[in-house]
Novice: 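Can you keep this structure in mind? I'll have questions shortly.
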Amino acid sequence: MKNVYSAPKPKWTQLSNRRLQNWGGLPHPKGMVSEGLPPWLKVYTERIAVTGAGLFEDKSLNHVLVNEYKAGQGIMPHEDGSLFFPTVSTISLGSHTLLDFYYHIKQDQDSTQNNSTSLDERHFVSILLEPRSLVFVAEDMYKLHLHGIAERTSDVITDKVANLDMCKSVSVGDKLTRSARVSLTIRHVPKTLKAKLFLGKR
């Protein structure tokens with residue numbers, strides 16, 4: 001947390017519902033201009049590469065997205081997309097949160113009915129992310145479903161929380177109050193560029 005908050009002010013990007021830092025470069029469809037990770041992040045990328053051996057197919061973890069969520073802030077259901085290798089790891093610092101997963105809207109002949117399906121109806125499971133926890137999202141959970149964090153200041157634990165057996169101090173019916181949370185999303189960006197600028201012509 002100390003390293004996150006001691007980063008230079010220009011390192012932060014302010015969005016409407018949270019702020020973030022990009023480390024390793026800025027992912028782009030044409031390729032990410034690769035930048036070295038600082039030592040305090042390299043420690044985690046190296047440890048996660050060992051912990052999640054096989055999930056990343058021995059690819060280097062070259063990008064870290066740092067998100068700061070204040071109580072009441074979240075992120076709409078989304079998919080990370082093709083810029084990244086289809087496995088993601090996230091370290092949670094500070095507050096807990098619930099990572100919610102949703103079915104995609106089916107694009108078929110009955111699209112009118114499917115488009116009217118509410119987010120609540122498409123939500124099928126949640127993972128409780130406790131402080132100092134690490135989670136991996138891979139395979140179908142990455143490729144086929146949306147994930148997001150609801151914008152609220154507290155969470156009521158329901159039977160849709162899939163990892164309660166790993167969270168010994170929490171039970172169904174408990175209400176958890178959120179505070180500020182920082183997440184380190186660590187992953188591999190396959191397409192990278194080495195040069196930042198090409199000036200002039202040869």
Side-chain angles (χ1 to χ4, degrees), residues 4 11-37 41-42 44-70 73-107 114 117 119 122-130 133-151 160-163 181-193:
V4 169
K11 194 67 181 176
W12 287 100
T13 299
Q14 182 67 56
L15 304 181
S16 60
N17 58 347
R18 68 190 189 286
R19 60 177 185 158
L20 57 83
Q21 301 173 11
N22 270 286
W23 293 93
L26 190 63
H28 189 276
K30 293 184 178 179
M32 178 179 77
V33 176
S34 186
E35 301 170 359
L37 294 172
L41 282 175
K42 284 287 288 183
Y44 298 110
T45 60
E46 290 169 359
R47 290 180 64 183
I48 287 171
V50 173
T51 303
L55 289 174
F56 289 98
E57 297 180 0
D58 297 324
K59 298 183 184 302
S60 62
L61 302 180
N62 58 359
H63 183 260
V64 181
L65 181 66
V66 176
N67 276 296
E68 178 196 57
Y69 297 92
K70 295 181 179 178
Q73 294 181 333
I75 184 169
M76 287 293 292
H78 66 284
E79 56 184 348
D80 289 352
S82 59
L83 292 183
F84 308 100
F85 182 79
T87 296
V88 63
S89 58
T90 301
I91 298 172
S92 292
L93 305 173
S95 178
H96 82 282
T97 199
L98 285 182
L99 181 63
D100 301 318
F101 289 88
Y102 302 82
Y103 293 116
H104 263 290
I105 294 176
K106 295 179 181 178
Q107 301 298 323
N114 284 308
T117 304
L119 273 179
R122 290 163 54 201
H123 170 227
F124 67 96
V125 74
S126 297
I127 301 294
L128 175 60
L129 303 183
E130 294 184 297
S133 66
L134 168 66
V135 65
F136 292 92
V137 178
E139 299 178 358
D140 287 354
M141 295 302 285
Y142 183 97
K143 298 174 184 177
L144 301 183
H145 305 301
L146 305 178
H147 59 275
I149 296 172
E151 294 186 334
K160 282 190 174 181
V161 178
N163 63 325
R181 172 178 174 264
V182 169
S183 66
L184 309 179
T185 299
I186 299 171
R187 51 198 170 184
H188 173 72
V189 176
K191 191 173 182 180
T192 60
L193 305 171

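Note that the coordinates shown come from a computational prediction; the quantities given were computed from them, not determined experimentally. For the numbers below, each heavy atom of this structure counts, side chains included, while hydrogens, waters and symmetry mates do not.
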Novice: Give the minimum heavy-atom separation between Leu61 and Ala49, together with the two atoms involved.
Specialist: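 What the structure gives for the nearest pair is CD1-N, 3.9 Å.
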Novice: Show me the donor-acceptor pairs within less than 3.5 Å that the side chains of residues 186-193 make with the rest of the protein, sequence neighbours left out.
Specialist:
residue	atom	partner	partner atom	Å
Arg187	NH1	Asp80	OD2	3.4
His188	ND1	Ser60	O	2.5
Lys191	NZ	Pro29	O	3.4

Novice: May I have all residue pairs that pass side-chain hydrogen bond (donor to acceptor under 3.5 Å, both in side chains) and include part of residues 23-33, sequence neighbours excluded?
Specialist: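 Checked against side-chain hydrogen bond (donor to acceptor under 3.5 Å, both in side chains) - neighbours excluded - the pairs reaching residues 23-33 are Gln21-Trp23.
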Novice: Looking at every heavy atom in both Phe85 and Phe56, which two are closest together, and how far apart are they?
Specialist: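 For Phe85 versus Phe56, the nearest heavy atoms are CE2-CA, 3.6 Å.
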Novice: Taking only residues two or more places apart in sequence or in another chain, which ones pass side-chain hydrogen bond (donor to acceptor under 3.5 Å, both in side chains) with His123?
Specialist: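 By the side-chain hydrogen bond (donor to acceptor under 3.5 Å, both in side chains) rule, His123 matches Ser126.
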Novice: Would Glu151 and Met76 satisfy side-chain contact (heavy atoms from CB on, under 4.5 Å), going step by step from the backbone distance to the final call?
Specialist: CA-CA 8 Å; Glu151 294 186 334; Met76 287 293 292; over 6 Å; no
Novice: With sequence neighbours left out, write down each residue that passes side chain to side chain contact (heavy atoms under 4.5 Å, CB included) with His96, or none if nothing qualifies.
Specialist: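 If we apply the side chain to side chain contact (heavy atoms under 4.5 Å, CB included) test to His96, skipping adjacent residues, the hits are Leu128, Pro131, Asp155, Leu176, Arg178.
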Novice: Check side chain to side chain contact (heavy atoms under 4.5 Å, CB included) between Asn22 and all other residues, then give those that pass, not counting sequence neighbours.
Specialist: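 Asn22: side chain to side chain contact (heavy atoms under 4.5 Å, CB included) contacts with Leu20, Leu26, Pro27, His63, Leu65.
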Novice: Where do Thr90 and Ser183 come nearest, in terms of heavy atoms and distance?
Specialist: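 Distance-wise, the nearest heavy atoms are CG2-CB, 3.9 Å.
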Novice: For Ile75, enumerate each residue passing the side chain to side chain contact (heavy atoms under 4.5 Å, CB included) test, keeping only those at least two apart in sequence or located in another chain.
Specialist: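 For Ile75 the side chain to side chain contact (heavy atoms under 4.5 Å, CB included) partners, ignoring immediate neighbours, are Arg18, Tyr69, His78, Ile149.
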Novice: Do Tyr102 and Phe124 have ring centroids that are under 6.0 Å from one another?
Specialist: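 No.
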Novice: Grab the two heavy atoms, one from Asn62 and one from Met32, that are nearest each other, plus how far apart they are.
Specialist: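 Reported closest heavy-atom pair: O-CE, 3.9 Å.
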Novice: Listing request: all salt bridge (Lys or Arg N to Asp or Glu O under 4.0 Å) pairs with a residue in residues 47-66, at least two apart in sequence or in separate chains.
Specialist: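 Found none.
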Novice: Specify whether His147 and Phe101 have parallel, tilted or perpendicular ring planes, treating 30° as the upper limit for parallel and 60° as the lower limit for perpendicular.
Specialist: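 Correct class here is tilted.
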Novice: Determine whether Thr185 and Val64 satisfy the following criterion, side-chain contact (heavy atoms from CB on, under 4.5 Å), listing intermediate values before the conclusion.
Specialist: CA-CA 5 Å; Thr185 299; Val64 181; over 6 Å; no
Novice: Return all side-chain donor-acceptor pairs below 3.5 angstrom for residues 135-144, not counting sequence neighbours, or 'none' if the list is empty.
Specialist:
residue	atom	partner	partner atom	Å
Tyr142	OH	Gly81	O	3.2

Novice: Please enumerate all residues that pass salt bridge (Lys or Arg N to Asp or Glu O under 4.0 Å) together with Glu68, with sequence neighbours excluded.
Specialist: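 Partners of Glu68 under the salt bridge (Lys or Arg N to Asp or Glu O under 4.0 Å) test: Arg19.
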Novice: Output all residues satisfying side chain to side chain contact (heavy atoms under 4.5 Å, CB included) with Ser92, sequence neighbours left out; order by chain, then residue number.
Specialist: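 For Ser92 the side chain to side chain contact (heavy atoms under 4.5 Å, CB included) partners, ignoring immediate neighbours, are Leu129, Ser133, Arg181.
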